[in-house]
Amino acid sequence: MRKGRFPRSFYLRHSPIVAKELLGGHLHRVVNGVELIGTIVETEAYATGDEACHAYRGKTKRNEIMFEEGGFSYVYFTYGMYYCFNVTTNQVGVAEAVLIRAVEPIAGIEAMRAARSGTGAKVPGDRDLTSGPGKLCLAFSITREQNATDLVESDELFITQGAPPAANHIGISTRIGINVAQEYPWRFFIKGNEYVSRAKPSIAGKSTLRRRRS
DNA sequence: CCGGTGATGCCCT
DNA sequence: GGGCATCACCGGT
């Protein structure tokens with residue numbers, strides 16, 4: 001095990017537990033010799049028996065890493081434009097993951113800003129750098145190429161133990177953008193942190209999507 | 001502050 | 001072809 005990292009055993013548990021305990025951890029990404037670091041401030045768990053989980057209907061080419069042992073990255077492309085970065089959890093054959101929804105930048109901020117502003121959008125303010133799952137993937141240069149990375153062994157994408165927040169500083173809510181019959185209180189965040197995404201949890205049964213033009 | 005909406009491409013049925 | 005674990009921008013309050 002590498003210094004400061006969560007060991008494999010940390011990831012081999014039920015995803016809501018891992019999601020909560022990842023708060024305060026440090027996400028590291030080394031790109032072009034520059035190390036980017038952010039404190040994890042918002043997560044969501046997806047688990048077996050959970051209709052919103054990508055693995056709910058079984059293994060596919062996209063989600064196959066979720067079926068391996070925990071501690072690997074699961075990166076997927078969504079809305080035609082964005083990537084989302086997840087950490088897989090639990091044992092082989094138990095397909096679960098934790099979506100990293102937001103981090104607070106603590107190192108490599110200029111590189112993050114450059115990565116975010118190169119997308120055609122206006123240069124984002126500091127709070128907009130990493131306050132959402134799509135945003136942090138842009139800032140940290142996480143794409144499909146980082147899918148299935150072993151977070152316990154990689155030197156380019158990994159997570160170290162930071163300072164876990166006190167229990168009374170942890171907020172819990174339903175997940176964001178989820179529209180299935182049964183929704184769970186599996187979103188965890190650090191209360192009052194400026195980088196927590198401001199989006200409101202969805203209301204089950206109500207679609208947030210609009211009809212696309214034909 | 002808040003709600004509404006267009007952009008855009010891939011996955012899976 | 002339907003739906004999407006999102007974001008940025010816009011206009012009203």
Side-chain angles (χ1 to χ4, degrees), chain A residues 15-16 18-20 22-23 27 40-67 72-90 95-103 112-113 115-148 171-189 194-214:
Chain A
S15 60
V18 177
K20 188 172 178 178
L22 277 172
L23 293 177
L27 175 65
I40 297 170
V41 299
E42 182 181 356
T43 60
E44 280 179 0
Y46 292 83
T48 54
D50 166 15
E51 196 181 343
C53 181
H54 283 179
Y56 181 70
R57 291 175 180 79
K59 188 187 290 188
T60 66
K61 179 151 188 154
R62 179 174 70 162
N63 67 26
E64 61 186 353
I65 191 62
M66 294 178 71
F67 289 79
F72 287 74
S73 65
Y74 167 49
V75 181
Y76 67 89
F77 187 65
T78 192
Y79 288 106
M81 272 175 268
Y82 300 104
Y83 290 97
C84 286
F85 167 65
N86 298 249
V87 175
T88 65
T89 76
N90 224 315
E96 302 188 343
V98 174
L99 171 67
I100 308 301
R101 284 198 56 90
V103 304
M112 293 181 200
R113 190 173 289 125
R116 286 280 281 122
S117 60
T119 59
K122 73 172 187 182
V123 178
D126 280 352
R127 200 196 75 77
D128 288 325
L129 274 182
T130 53
S131 54
K135 298 178 195 177
L136 77 87
C137 281
L138 287 170
F140 279 68
S141 297
I142 294 172
T143 72
R144 189 186 313 275
E145 292 180 25
Q146 277 66 238
N147 187 47
I172 303 176
S173 80
T174 53
R175 299 169 296 184
I176 290 175
I178 301 300
N179 296 283
V180 296
Q182 180 171 11
E183 173 51 353
Y184 301 87
W186 284 352
R187 173 179 178 239
F188 303 91
F189 56 94
E194 173 179 32
Y195 289 86
V196 172
S197 71
R198 303 281 170 98
K200 290 183 179 176
S202 62
I203 300 167
K206 278 206 166 183
S207 174
T208 61
L209 294 172
R210 273 80 49 191
R211 164 183 241 105
R212 76 184 286 156
R213 293 188 319 183
S214 65

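So you know, we letter chains A, B, ... as the sequences are listed, proteins then strands, and number each from 1.
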- Message: Whether A:Arg116 contacts C:dA8 is assessed here as follows: a side-chain N or O lying under 4.0 Å from the phosphate OP1 or OP2. Is that the case?
- Response: yes
- In whole angstroms, the gap separating C1' of C:dC4 from CG of A:Leu99 amounts to 13 Å
- Message: Can you measure A:Lys200 atom NZ to B:dG4 atom C1' for me and round it to whole angstrom units?
- Response: 13 Å
- Message: Counting only side-chain heavy atoms from C-beta out, which of B:dC1, B:dT13, C:dA5 sits nearest to A:Arg198?
- Response: B:dC1
- Query: Within this structure, what is the CG-to-P distance between A:Asn147 and B:dC11, rounded to whole angstrom?
  - Reply: 11 Å
- Task: Select base, sugar-phosphate, or nothing to describe what A:Gly80 touches, counting heavy atoms under 4.0 Å on all strands.
- Result: base
- Task: Taking only the side-chain heavy atoms of A:Lys135 (C-beta and beyond), determine which of B:dG3, C:dC4, C:dC7 contains the nearest atom.
- Result: C:dC7
- Task: Give the rounded distance in Å between these two atoms: CG of A:Asn86 and P of C:dC4.
- Result: 17 Å
- Message: Checking base pairs now: Watson-Crick or wobble, both atom distances under 3.5 Å. What partners B:dT8?
- Response: none
- Note on the structure: Quick note, A:Thr60 side chain, CB onward, closest among B:dC11, B:dC12, C:dT6 is B:dC12
- Note on the structure: In whole angstroms, the gap separating P of C:dC4 from CZ of A:Arg62 amounts to 11 Å
- Query: For B:dT13, does OP1 or OP2 lie under 4.0 Å from any side-chain N or O of A:Arg57?
  - Reply: no
- Determine whether any donor atom in the side chain of A:Tyr76 lies under 3.5 Å from an acceptor atom in the base of C:dA5, or the reverse, and answer yes or no. yes
- Is the shortest side-chain N/O distance from A:Arg144 to OP1 or OP2 of B:dC11 below 4.0 Å? yes
- Item | Side-chain N or O of A:Lys61 closer than 4.0 Å to phosphate OP1/OP2 of B:dC12 | no
- Task: Could you let me know what B:dG3 is paired to, Watson-Crick or G-U wobble, both distances under 3.5 Å, or none if it's on its own?
- Result: C:dC10
- Determine: side-chain N/O of A:Thr78 to OP1/OP2 of C:dT6, distance under 4.0 Å, yes or no. no
- Show the numbers, then the answer: is there a side-chain contact (heavy atoms from CB on, under 4.5 Å) between A:Gln182 and A:Glu51? CA-CA 8 Å; A:Gln182 180 171 11; A:Glu51 196 181 343; over 6 Å; no
- Message: Distance check needed: C:dC4 C1' versus A:Asn63 CG, whole Å only.
- Response: 15 Å
- Note on the structure: Heavy atoms of A:Ala115 and A:Ala139 approach each other most closely as CB-O, 3.8 Å
- Query: Could A:Arg101 and A:Phe189 be counted as a cation-pi pair, given that NZ or CZ must be under 6.0 Å from the ring centre and within 45° of the axis?
  - Reply: no
- Is the aromatic ring of A:Tyr46 within stacking range of C:dA5, meaning centres under 5.5 angstrom and planes under 30 degrees? yes
- Message: Please compare A:Tyr82 and A:Phe77 by the position of their nearest nucleotide in DNA chain B and report the one closer to 5'.
- Response: A:Tyr82
- In whole Å, what is the span from the CD1 atom of A:Ile178 to the C1' atom of C:dA5? 5 Å
- Note on the structure: Closest non-hydrogen contact found for A:Thr130 with A:Val103 is OG1-O, 2.6 Å
- Identify which one of A:Asn86, A:Ile142, A:Thr143 satisfies the side-chain contact (heavy atoms from CB on, under 4.5 Å) criterion when paired with A:Val75. A:Ile142
- Shortest non-hydrogen pair, A:Trp186 vs A:Arg175, comes out as CE3-NH1, 3.8 Å
- Rounded distance in Å - CE (A:Met81) to P (C:dG3): 18 Å
